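Okay, structure first, notes after.
Per chain, numbering begins at 1; letters A, B, ... match sequence-line order. Small disclaimer: the values here were computed from a predicted structure and weren't measured.
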Amino acid sequence: MTLLAEVVFPLPLNQSFSYIVPAESAGPAKPGVRVWAPLGRKTQLGFLVAVRDLGPDDVRLLKEIAMIIDPAPVFSASTLALTFRLSQYFFSSWGELLQAALPPSLEIKTKAKVRLTESGLEALRKRTLSKDERKAADALGRNAFTILHLRRTTSLKTMAALIARMAKKGLVQVVEETVRPKKIPSAPSERARPMQLELDFTIEPAVRSALEAMRGPLEEKRFAPFYLYGGRTARLGVYGPLIRKVISMDRQVLVLVPEMAASGPLRESLEKRLGETVAFLHGQMPEGAREREWQKIKSGRTRVVVGPRSALFAPLASAGLVIVDEEHDDAYLQTERPVYDARVGARFMAVDHGALLVFGSDVPTVEAFHEARSGGYLLALPGDDERRRVEIVNDASERGLLARRFHDVLRTNLRPGRSGIVFLNRRGYASFLFCPRCGYIPRCERCDISLMYYKKEERLVCRYCAAARPRPRSCPKCGNRVMEPRGAGVEAVEEELRRLFPGTRVSGFDSDRVRTKAAREKVLRNFEGGKIDVLVGTQMLAHQAGLPPAAWVGILNPEALLAFADFRASQRTFQAVHRMMRFAAPAEAGGEIVIQTAFPEHHSIREAARQNYEAFFEQEIRFRRLMGYPPFAAMAEIVLLGREERPLAQKARELVRRARTCGGDIEIFGPAFAPSSLLKGERGIQVILKSRANEKLDACLAECLGTSGTKRSVTRYG
DNA sequence: AGCACGCCGACT
DNA sequence: GTCGGCGTGCTC
């Protein structure tokens with residue numbers, strides 16, 4: 001009987017390919033081994049995911065696997081299952097997800113090397129080469145080098161272009177060489193290091209009852225979800241004993257955190273509480289360190305893993321507990337390929353391992369809070385948000401950039417030792433220029449959105465494709481002599497602050513001006529050191545961790561986030577305001593917050609200011625129910641991408657036609673132009689599908705997206 | 001993602 | 001008249 005192998009590749013393809021397993025390779029041909037297999041005209045690295053017998057459907061000519069790389073599987077059955085489920089759910093490539101789950105020592109990298117061809121050597125002998133070509137050819141000789149190496153040895157800056165030209169003429173050949181993975185020294189086989197154990201003597205009743213609630217499923221080793229709704233301190237008070245219990249049962253623990261920066265303190269405090277080392281896994285760690293952590297987890301020497309979303313792929317043999325801390329954070333969603341949401345992955349994993357799934361946050365997503373409450377697994381803990389003194393200023397009837405009341409607050413606060421922060425989520429000087437006579441607004445030709453205005457550089461810049469051009473002196477349409485800036489950005493706020501309060505040390509913090517990590521740190525150090533009176537920043541500043549509490553915080557127009565046509569706009573606004581408010585010192589320490597907005601009564605802004613999540617939730621869930629949005633429905637947004645509108649529209653119509661065949665349970669919105677083209681110079685047409693049942697939506701998505709090879713993105717909600 | 005096949009503009 | 005642009009479709 002001929003054996004067939006199903007192979008997936010780390011390419012953006014979501015399908016598997018069947019290959020014949022050579023008779024002599026039947027032994028190691030197990031799911032989870034890496035293989036080399038011919039695909040098209042190349043031999044590709046792939047992952048064997050299943051073995052089966054030749055069936056009657058295999059009528060096409062099958063190729064043979066070229067080589068089985070590993071003598072034994074490098075992926076466990078549970079890693080295969082997890083990545084498979086994620087690929088199904090998010091329509092991402094299984095192969096790319098498996099690639100993400102590989103330890104550094106097993107990653108195969110290719111390096112492009114350049115070699116002179118016979119005709120290249122002859123041309124060198126006959127001296128028919130140009131000056132630069134000759135330099136490259138001399139450097140090459142009979143060897144193969146990388147372009148980087150050639151650039152260094154010849155000091156020709158445009159080496160890449162030169163090589164491309166020479167390759168076209170057939171003078172050189174570019175070959176992909178697989179680089180043997182460096183032998184990475186394995187970790188010394190130390191036992192888990194005992195550490196100073198910090199014990200909590202004050203176990204709150206709420207913590208005690210939360211632990212009590214989780215005991216049953218934990219001891220029975222069955223899947224059960226829980227949501228710890230409460231402050232960080234209280235959550236940690238639950239995580240600690242819970243993790244200890246799981247360890248004592250000889251099972252492993254995965255703790256997911258939103259960002260790398262946030263995981264340091266959590267890891268330390270866990271180590272203190274647990275009295276043993278905690279593994280830390282992050283994609284941006286140096287390879288050696290990542291490999292060592294990986295090996296420690298794999299061997300079972302460390303039983304607790306902390307990391308951001310990619311830590312989901314840590315090689316845990318038997319997880320008894322999966323924690324997703326700060327559940328509300330968008331960083332759990334990987335928006336680049338392969339697209340997946342670690343919160344969904346955490347659930348798949350917990351189900352697969354029969355583990356406890358614990359979410360934690362004091363500002364949960366509306367969906368998760370609702371699910372937890374109606375599913376009876378919401379555990380309320382004490383909050384630890386200190387009270388903040390907040391004032392909301394209505395700027396609907398104000399003329400200037402800063403409302404008078406906002407101005408007053410600044411005046412009383414701008415004195416030595418009271419540094420503050422102003423948040424405004426708008427880069428540049430103005431979001432666009434506007435002709436007051438004819439209404440003309442300069443737009444980007446490629447992206448068809450208005451161009452941002454940078455005053456100092458006197459430039460207009462596209463926020464998507466970064467294309468820039470000088471600002472027009474007069475209106476290009478009607479010749480009017482003035483173009484007015486509209487939609488003030490951080491630079492305009494800085495200018496205004498300097499004008500109103502001369503001598504104030506104002507510094508900006510946005511992606512345009514603090515590009516590098518070093519620049520960011522320098523500004524933050526200066527702010528900490530009291531060398532900056534006012535720091536004006538965008539969302540980027542709001543995502544910085546570890547700043548000392550500011551004496552005052554000004555939040556300018558957070559309602560801008562509500563303008564997005566997205567059912568989660570309110571949630572986003574609430575979260576953003578909440579996040580920014582945390583930069584201010586608590587009221588009892590003299591901290592002050594002022595929010596300037598045109599929508600002072602909007603629940604997302606008002607309740608964030610009152611630090612009342614539950615009141616926000618009650619209002620938001622009513623809206624979601626009324627509109628039939630998640631969590632009362634499952635939604636998916638499909639964006640078809642392409643350069644030309646016509647074929648896109650054609651495909652969108654085809655997609656809608658297919659969606660209609662799925663039955664009346666599916667609501668279809670669109671096709672419509674995707675708001676603000678997502679990719680540089682491309683157009684997007686979107687179709688939104690909505691259904692009461694997630695499974696129905698699943699089936700319909702499969703129907704709509706099944707085989708079409710069009711460029712697209714799929715986002716799922718609920 | 002690559003890579004080949006296939007139909008419309010600037011050139012020997 | 002060709003060379004070559006990248007739009008479209010396939011890879012077991």
Side-chain angles (χ1 to χ4, degrees), chain A residues 1-23 25-26 29 31 33-69 87 90-100 102 107-113 160-161 163-165 167-170 173-178 334-339 446 640-655 677 679-685 705-714:
Chain A
M1 196 57 171
T2 311
L3 264 191
L4 293 190
E6 288 299 309
V7 175
V8 294
F9 296 94
L11 300 173
L13 292 169
N14 75 60
Q15 62 177 294
S16 69
F17 294 82
S18 308
Y19 290 90
I20 294 165
V21 177
S25 302
V33 295
R34 295 172 301 161
V35 300
W36 288 109
L39 183 70
R41 44 179 48 237
K42 286 174 109 181
T43 296
Q44 266 276 349
L45 169 74
F47 307 114
L48 196 161
V49 291
V51 182
R52 62 186 177 92
D53 289 326
L54 185 76
D57 300 339
D58 301 302
V59 283
R60 48 169 130 51
L61 225 53
L62 298 176
K63 292 183 183 171
E64 278 197 357
I65 282 181
M67 186 179 123
I68 292 182
I69 300 172
S87 77
F90 293 103
F91 298 88
S92 340
S93 148
W94 190 1
E96 286 184 329
L97 285 159
L98 283 169
Q99 177 92 325
L102 275 178
E107 281 168 14
I108 291 180
K109 290 176 190 138
T110 57
K111 220 185 233 175
K113 286 197 172 178
I163 292 299
R165 283 199 304 274
K168 234 174 196 175
K169 291 191 207 163
Q173 199 181 4
V174 181
V175 271
E176 293 285 327
E177 226 169 71
T178 58
Q334 170 139 83
T335 51
E336 274 153 41
R337 280 190 358 232
V339 168
R446 299 206 322 168
L640 302 174
L641 298 160
R643 204 175 280 235
E644 294 292 330
E645 271 169 20
R646 244 170 250 280
L648 269 186
Q650 181 66 42
K651 279 170 190 136
R653 276 195 297 275
E654 169 63 13
L655 198 153
S677 47
L679 279 168
K680 294 159 190 171
E682 284 197 317
R683 295 310 308 255
I685 292 187
L705 302 169
T707 49
S708 99
T710 325
K711 217 170 148 192
R712 74 204 173 196
S713 81
V714 183

Inset, instruction - Mind checking the CZ-CD spacing from A:Phe9 to A:Gln15? Nearest 0.5 Å is all I need. - result: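 Result: 9.5 Å between the selected atoms.
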
Inset, instruction - Determine: side-chain N/O of A:Arg41 to OP1/OP2 of B:dA4, distance under 4.0 Å, yes or no. - result: yes

Legend entry - Side-chain N,O (A:Lys42) to OP1/OP2 (B:dC3) below 4.0 Å: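 For B:dC3, OP1/OP2 do have a side-chain N/O of A:Lys42 under 4.0 Å.
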
Please report the distance, rounded to the nearest Å, between [atom1] in [X] and [atom2] in [N].
X	N	atom1	atom2	result
A:Leu45	B:dG2	CG	P	13 Å
A:Asn14	B:dA1	CG	P	13 Å
A:Leu39	C:dT11	CG	P	9 Å
A:Phe9	C:dC10	CZ	C1'	13 Å
A:Arg60	C:dT11	CZ	C1'	11 Å
A:Leu3	C:dC12	CG	C1'	16 Å
A:Arg52	C:dC12	CZ	P	15 Å
A:Gln44	C:dC10	CD	C1'	14 Å

Legend entry - Student check: side-chain heavy atoms of A:Ile65 and A:Val7 closer than 4.5 Å: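 Yes - at least one pair of side-chain heavy atoms lies under 4.5 Å apart.
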
Legend entry - Partners meeting side chain to side chain contact (heavy atoms under 4.5 Å, CB included) with A:Ala100 (sequence neighbours left out):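 Only A:Phe313 meet the side chain to side chain contact (heavy atoms under 4.5 Å, CB included) criterion with A:Ala100.
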
Just call it for [X]: base, sugar-phosphate, or nothing, with non-hydrogen atoms closer than 4.0 Å on any strand.
X	value
A:Gln15	base
A:Pro10	nothing
A:Leu13	base

Inset, instruction - Could you pull out all residues at least two apart from A:Arg52 that satisfy salt bridge (Lys or Arg N to Asp or Glu O under 4.0 Å)? - result: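 Counting only residues at least two positions away or on another chain, A:Arg52 forms a salt bridge (Lys or Arg N to Asp or Glu O under 4.0 Å) with A:Glu6, A:Asp58.
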
